[in-house]
Amino acid sequence: EAGDLDEFGLTGVAAAGRRLASWAQAAELSAVAQVAARTAAADKNTGIRGDGRPARVNRDAAGQVGLALAMSDGAAAGWADLAVALAWRLPATGQALRAGRIDLYRARRIAEATSVLSEADARLVEARVLAEAGEQTAAQLRERLRRAVIAVDPAAAERRRADAERQAGVHLYPDENGTATLSGSGLPAVLAAAAMAKITAMARARKAAGLGGGLDLHRAQVMLGLLLDTLPPIPPAEGAPPDQPPSDPGPGNPGPGTGNPGTGDTGDGDPRDGGRADGDGDSRDGGSALGSGGPGDGDGNGPAEIGRAHV
C-alpha cells in the first residue's frame, strides 16, 4: 500500500507508474498504427508505401479507432496520425515511449514539432532532442524543439514565419465562467513583444499609482482601454516629483538659445558660429552668424552667403 511507503518509496512508485503508462500508451498506439496500415492496404484509393506505412489515414481507420476508443472522427484521425508517425516516421521516439524514457506528452510534442519537416530533417531533430527529452520540463522541451527545427532548415523556418504572419488573426471566444478571451495569433514577434512591453509598463504604472489589483488584471484593463480608447489618465505614483512641462515660448518670450534675429546674436556667443560673443556684425566677425551682416561694413547690407558660410 502507498500509505506504508516513505517519501522515497512514494516517488519511486510514481515514476514507475509513469513508465508503465508510457508502455501501455505505446502498445495502444502500435495497435492503432496497424489498423491504419491494414485499412489503407484494403483501400485501393489509399494504399501503402514500400515500408508498409499507410499513404494516409483514411475514414475507415478513423471510424474503427473512434468506435473502439470512444473518440470523435477528428480525434480518432489525429490519434491514428500520431500512431503512424511514431511507428514509421519517428521510430526512435516510439521506442523511447515504449521503454518509458519519455511520456506521451513528450512523444506528441516531438511528432508535432517535426511535422513541418521532411522525414530526414525530422529524424535529425529527433536525434538532437530525444536523449534529454525525458529529463526536461515541458517548457524546456518545447524551446529545445523550436530551436532545433529552425536550425535544421533556417530558410524553411523563415518561409513558415512569413506564411504564418500572412495568416495572422484576432480571436474572440467565450470562457466557461461567463468572461471572454481575446487573443492575437500569427503576429510579428518583434511588434508583439513591443506591444506587450508597453502594456506591462502601463500596468506597472497603474499599480505604482496605488490602483488595486494584480499586474495581469491591469494588463487586461490597459489592453481594453487602449483598444477602445477608454483608458483614463494614470495618476502619478505617491511621492513622485511633479511634472515640469517646458514653458511655452510666446512672441515676447523667446526660448533659451533662440537668439535675437536681426542682430547676429546666436545666444551662446560661440565663435564657431561665425560671430564673436557679441555678434554685432562687425567686419572682424565675418558678418552675422545668421547671414544678416555683410563683410567690412557690419550694417547688415552685405551678401547673406558670406554669413551662412560660417554656420
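- Contact of the P54 side chain with the V84 side chain is registered, since non-hydrogen atoms from C-beta on lie closer than 4.5 Å.
- A distance-only check finds no donor-acceptor pair linking the side chain of T114 to the backbone of L117 [under 3.5 Å].
- Other residues, nucleotides and ligands contribute more than 12 heavy atoms inside 6.0 Å of the CZ atom of R53.
- Side-chain N/O atoms of R206 and Q221 include a donor and acceptor closer than 3.5 Å.
- When side chains are defined from C-beta on, Q64 counts as touching T39, because their heavy atoms get closer than 4.5 Å.
- Using modelled atom types and a 3.5 Å distance limit, the side chains of D103 and S22 yield no donor-acceptor pair.
- R89 and S118 get closest at one heavy-atom pair: NH2-O, 3.8 Å.
- Counting non-hydrogen atoms of other residues, nucleotides and ligands closer than 6.0 Å to CZ of R146 gives a total above 12.
- Using a cut-off of 4.0 Å between Lys/Arg side-chain N and Asp/Glu carboxylate O, D216 and R219 are scored as salt-bridged.
- With hydrophobic clusters built from ILVMFWY side chains whose heavy atoms lie under 4.5 angstrom apart, I48 does not share a cluster with V35.
- With respect to the salt-bridge test (charged N to carboxylate O, under 4.0 angstrom), the residues D51 and R49 do not qualify.
- Under the 4.5 Å side-chain criterion, counting only non-hydrogen atoms from C-beta, R147 is not in contact with V149.
- Both L226 and L172 are members of a single hydrophobic cluster when ILVMFWY side chains are connected at heavy-atom separations under 4.5 Å.
- Looking only at side-chain heavy atoms (C-beta outward), L141 and E132 stay at 4.5 Å or farther from each other.
- At a threshold of 4.5 Å between non-hydrogen side-chain atoms, the residues L182 and V170 count as touching.
- W79 has its side chain within reach of R108: a pair of non-hydrogen atoms, C-beta onward, lies under 4.5 Å apart.
- With a 6.0 Å radius and a threshold of 12 heavy atoms from other residues, nucleotides or ligands, R38 has its CZ atom at or below the threshold.
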Worked check of salt bridge (Lys or Arg N to Asp or Glu O under 4.0 Å) between R166 and D163: CA-CA 5 Å; R166 285 192 287 270; D163 289 342; 2.2 Å; yes
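- When all heavy atoms of W88 and G52 are compared, the closest pair comes out as CZ2-O, 3.6 Å.
- Of all heavy-atom pairs between I102 and G134, the closest is CG2-N, 3.8 Å.
- A distance-only check finds a donor-acceptor pair linking the side chain of E126 to the backbone of T93 [under 3.5 Å].
- Once rounded to the nearest 0.5 Å, the distance linking CG of D153 with CG of L124 reads 10.5 Å.
- When the shell of 6.0 Å around CG of N177 is examined, it contains more than 12 heavy atoms from other residues, nucleotides or ligands.
- Counting heavy atoms from C-beta on, the side chains of L29 and L97 come closer than 4.5 Å.
- Considering only heavy atoms from C-beta on, L82 comes within 4.5 Å of L86 through its side chain.
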